[in-house]
Number of protein chains: 2
Amino acid sequence: MTMRQDIHSSGIPVLCQSCEARHRGVCGALDAEQLAGLAKTSSRHNVEPGVELIGDAETVDNYSNLLSGVVKLTKSLSDGRQQIVGLQFAPDFLGRPFKAESAINAEAATAVSVCSFPKAAIERIMKESPELEHRLLKQTLNELDEARDWMVTLGRKSASEKVASFLLMIARNIDPALDPSAQSTSFDLPLIRADIADFLGLTIETVSRQLTRLRSDGVIRIENNREVTVDNLTRLQRRSGV
Amino acid sequence: MTMRQDIHSSGIPVLCQSCEARHRGVCGALDAEQLAGLAKTSSRHNVEPGVELIGDAETVDNYSNLLSGVVKLTKSLSDGRQQIVGLQFAPDFLGRPFKAESAINAEAATAVSVCSFPKAAIERIMKESPELEHRLLKQTLNELDEARDWMVTLGRKSASEKVASFLLMIARNIDPALDPSAQSTSFDLPLIRADIADFLGLTIETVSRQLTRLRSDGVIRIENNREVTVDNLTRLQRRSGV
DNA sequence: CGCATCGTTGAACGCGCTCAATATCAGTGG
DNA sequence: CCACTGATATTGAGCGCGTTCAACGATGCG
């Protein structure tokens with residue numbers, strides 16, 4: 001896929017040539033020179049589902065761009081209860097600037113590929129380029145909006161509304177170009193039942209029961225436990241509590 | 001209270017002289033000249049409890065600094081169910097940059113005083129002063145951390161743990177200098193029971209029952225429904241689910 | 001005084017949890 | 001091929017936490 005090309009022809013490092021983060025991600029804030037400097041110390045990795053990317057209370061010395069796959073952000077109580085507090089999709093930026101330690105855990109929910117760079121490199125560029133900080137602020141504000149939306153779901157919605165809301169949210173994120181007026185979609189669930197439960201503040205059993213209820217009511221179809229088809233998005237939305 | 005003083009003596013506008021936002025708030029990012037420019041179009045207001053500061057889906061053309069009091073950020077479902085998705089304390093910045101409409105509702109929970117400025121003025125300064133955006137990014141990241149902490153509380157804690165967590169969070173915010181090793185504090189609850197319920201995803205009755213339980217267990221004392229004294233912070237923390 | 005707001009307390013119900021059994025599938029090795 | 005294992009998911013039965021509905025108390029204000 002990747003074509004060999006002289007760096008100097010475009011000024012953009014080979015690593016970054018076809019990288020989506022250069023367009024919609026934070027790297028779009030950088031000029032060719034900054035990209036080149038950053039690319040020297042950055043590297044791509046492919047990660048299996050379940051692998052921890054950032055450990056709780058662990059010193060973080062890397063930031064990353066998520067290039068493909070889904071990453072779940074989790075927090076845990078001392079007795080093991082767990083809550084997923086965010087999902088990240090490509091081309092999100094992974095990492096918590098201005099704090100030495102991360103208070104949350106980031107784990108690959110699906111197969112994932114990331115581009116990571118040393119923390120110091122990013123922070124240096126941030127100082128000299130306000131545009132990078134601007135993009136980070138925008139992403140952070142969006143994440144805050146999403147977090148607050150989920151607080152409503154967690155605090156005030158019933159189990160069936162939670163599951164419907166979850167499916168809608170996934171559908172919109174897997175297929176960002178999804179027309180709001182579209183009436184059907186299908187997608188692969190990036191999370192297993194246990195993760196969905198941890199995301200919605202429910203148990204596995206309740207998630208399963210609500211999914212089968214949606215299925216027997218004809219709102220969705222499920223194949224191989226993962227592939228979901230929504231034939232009537234409006235009906236699903238009506239069940240999400242709006 | 002406010003003393004008349006020649007602006008040129010210090011270069012700092014009278015309005016801002018004794019303003020806390022100039023130290024810990026976003027105005028600390030501005031130099032005397034920028035402050036002077038901003039002060040021309042800004043104004044202080046005192047607001048009664050219950051008054052709406054930013055309406056849902058309403059066009060926002062003002063940003064504000066919260067100077068005193070507590071503001072609650074709420075979101076509602078179409079059938080009236082409500083969730084408080086954040087509390088703001090002085091000297092927080094109020095407003096959602098980069099979006100014409102606010103998706104949330106901001107309402108004074110206590111008596112509140114704010115300093116508001118036209119949206120355009122802030123956005124102009126933001127373009128020329130990266131430091132302002134830097135402070136906003138920091139506040140937004142902190143709010144995101146808090147939101148995610150509450151997602152754990154909403155999704156995974158029991159009613160009694162929720163109430164204990166709430167009291168601890170209030171104690172820490174009312175008295176930011178509260179020594180973590182301190183064993184007692186007392187404070188006024190900035191929220192009535194209905195608000196606490198909306199914050200914790202519970203009903204008024206459950207909040208009331210959990211508070212009386214904490215009281216009869218000797219963990220807290222309550223006077224006039226509002227003044228809470230915690231004699232043993234460690235005991236309260238043990239009940240918060242960590 | 002009446003009225004409104006806020007808070008507490010009680011009784012009964014029901015949603016979602018807990019515990020347990022069963023199903024399904026992939027991988028692994030005989 | 002079957003047997004075995006482990007991970008994931010579904011389904012059932014019963015229970016308990018938090019809700020719902022209702023009554024009552026406390027306080028402030030006209």
Side-chain angles (χ1 to χ4, degrees), chain A residues 48-51 77 79-83 109-111 153-167 188-217 220-228 239 241, chain B residues 48-51 72 77 79-83 107 109-111 153-167 188-217 220-228 239 241:
Chain A
E48 301 277 290
V51 173
L77 301 178
D79 64 1
R81 282 174 289 176
Q82 202 172 49
Q83 175 70 42
T110 65
T153 301
L154 289 171
R156 288 302 184 199
K157 290 188 187 174
S158 68
S160 65
E161 290 170 332
K162 285 181 178 181
V163 172
S165 304
F166 172 75
L167 292 176
D188 266 31
L189 283 178
L191 303 185
I192 63 176
R193 301 291 184 272
D195 285 339
I196 301 177
D198 281 348
F199 193 66
L200 297 175
L202 298 172
T203 59
I204 312 177
E205 295 92 330
T206 301
V207 171
S208 178
R209 276 186 256 267
Q210 296 303 333
L211 283 174
T212 51
R213 189 148 160 265
L214 283 174
R215 205 190 40 196
S216 47
D217 287 1
I220 60 172
R221 278 177 291 147
I222 306 181
E223 278 155 280
N224 300 330
N225 286 338
R226 287 287 201 129
E227 304 155 33
V228 175
R239 289 171 183 246
Chain B
E48 301 277 290
V51 172
K72 54 180 182 175
L77 300 178
D79 63 0
R81 282 175 287 176
Q82 202 172 47
Q83 175 70 42
E107 187 179 313
T110 64
T153 301
L154 288 171
R156 288 305 185 196
K157 289 189 187 175
S158 69
S160 66
E161 290 170 332
K162 284 181 178 180
V163 172
S165 303
F166 172 75
L167 292 176
D188 266 31
L189 284 178
L191 303 185
I192 64 176
R193 301 293 184 272
D195 285 338
I196 301 177
D198 281 348
F199 193 66
L200 297 174
L202 298 172
T203 59
I204 313 179
E205 295 93 329
T206 301
V207 171
S208 178
R209 276 185 257 267
Q210 296 302 334
L211 283 174
T212 50
R213 189 149 159 264
L214 283 174
R215 204 189 42 195
S216 47
D217 288 0
I220 60 173
R221 279 177 290 148
I222 306 180
E223 277 154 281
N224 300 330
N225 285 339
R226 287 288 201 130
E227 304 155 32
V228 175
R239 290 173 182 245

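In this text the structure is predicted, and so the values were computed from the model without any measurement. Only heavy atoms go into these numbers, but all of them, side chains included; no hydrogens, no water, no symmetry mates. Letters A, B, ... are given to chains in the order of the sequence lines, protein chains preceding strands, and every chain is numbered from 1.
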S.K.: Short question: side chain of B/Gln83, backbone of B/Asp198 - any donor-acceptor pair under 3.5 Å?
M.R.: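 Indeed, once roles are kept as given, a pair shorter than 3.5 Å links the two residues.
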S.K.: Between P on D/dT11 and CD1 on A/Ile204, what's the gap in Å once rounded to a whole number?
M.R.: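 From A/Ile204 CD1 to D/dT11 P: 15 Å.
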S.K.: Taking A/Arg239 first and then A/Asp217, would you say they form a salt bridge - that is, a charged N and a carboxylate O separated by under 4.0 Å?
M.R.: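 A salt bridge is present here (some side-chain N lies under 4.0 Å from a carboxylate O).
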S.K.: Between B/Leu167 and B/Leu189, is a side chain to side chain contact (heavy atoms under 4.5 Å, CB included) present by the stated rule, with each step listed?
M.R.: CA-CA 8 Å; B/Leu167 292 176; B/Leu189 284 178; 3.9 Å; yes
S.K.: Kindly say whether B/Ile220 contributes a backbone atom to a donor-acceptor pair with the side chain of B/Arg215 at under 3.5 angstrom?
M.R.: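 No: the side chain of B/Arg215 does not pair with the backbone of B/Ile220.
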S.K.: Does A/Ser208 reach the main-chain N or O of A/Ile204 with its side chain, forming a donor-acceptor pair under 3.5 Å?
M.R.: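 No; judged by distance alone, with no hydrogens or angles, the pair does not exist.
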S.K.: Using atom CZ of A/Arg209 as one end and atom C1' of C/dC17 as the other, report the distance to the nearest whole Å.
M.R.: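 Rounding to the nearest Å, CZ of A/Arg209 and C1' of C/dC17 are 9 Å apart.
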S.K.: When you measure from the side-chain N and O atoms of B/Thr212 to the phosphate of C/dT9, is any distance below 4.0 Å, counting only OP1 and OP2?
M.R.: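 Checking B/Thr212 against C/dT9: at least one side-chain N or O falls below 4.0 Å of OP1 or OP2.
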S.K.: When the distance from CD1 of A/Ile222 to P of D/dT11 is rounded to whole Å, what number comes out?
M.R.: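 Result: 10 Å.
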S.K.: Could you state the CZ-P distance from B/Arg226 to C/dT8, rounded to the nearest angstrom?
M.R.: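 Rounded to whole Å, this separation is 12 Å.
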S.K.: For B/Leu202, answer base if it contacts any base atom (sugar-phosphate contacts may also be present), sugar-phosphate if it contacts only those atoms, and nothing otherwise; contact means non-hydrogen atoms under 4.0 Å.
M.R.: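 Sugar-phosphate: the residue B/Leu202, judged by heavy atoms under 4.0 Å, touches backbone atoms but no base.
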S.K.: For A/Val207 and B/Leu211, take the nucleotide of DNA chain C holding the closest heavy atom to each; which residue's nucleotide lies nearer the 5' end?
M.R.: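 Going by which nucleotide is closer to the 5' end, it is B/Leu211.
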S.K.: In whole Å, I'd like the distance from the CZ atom of A/Arg213 to the P atom of D/dG12.
M.R.: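 From A/Arg213 CZ to D/dG12 P: 14 Å.
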S.K.: With sugar-phosphate meaning primed atoms plus P, OP1 and OP2, does B/Gly50 contact a base, only sugar-phosphate, or nothing at under 4.0 Å between heavy atoms?
M.R.: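 Here B/Gly50 touches no strand at all.
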S.K.: Quick one: which of C/dC6, D/dA9, D/dG18 gets closest to the side chain of B/Ile192?
M.R.: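 Selected nucleotide (nearest to the side chain): C/dC6.
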S.K.: In whole angstroms, how far is the C1' atom of C/dG16 from the CG atom of B/Leu154?
M.R.: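 Distance, rounded to whole Å: 17 Å.
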S.K.: Just how far, in rounded Å, is P of C/dA20 from CD of A/Glu205?
M.R.: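 So the CD-P distance, A/Glu205 to C/dA20, works out to 12 Å.
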S.K.: How many Å lie between CD on B/Gln210 and C1' on D/dT19, as a whole number?
M.R.: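 After rounding, the gap between these two atoms is 13 Å.
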S.K.: Quick one: is D/dT10 close enough that its OP1 or OP2 comes under 4.0 Å of any side-chain N or O from A/Ser208?
M.R.: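 Answer is yes, contact under 4.0 Å.
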S.K.: Looking only at the side chain of A/Thr206 (C-beta and beyond, no hydrogens), which of the listed nucleotides C/dG7, D/dT19, C/dG16 gets closest?
M.R.: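 Among the listed nucleotides, the one closest to the side chain of A/Thr206 is C/dG16.
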S.K.: Give a yes/no on whether any side-chain N or O of A/Arg193 is located under 4.0 angstrom from OP1 or OP2 of D/dA9.
M.R.: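 The answer is yes; a side-chain N or O of A/Arg193 sits under 4.0 Å from OP1 or OP2.
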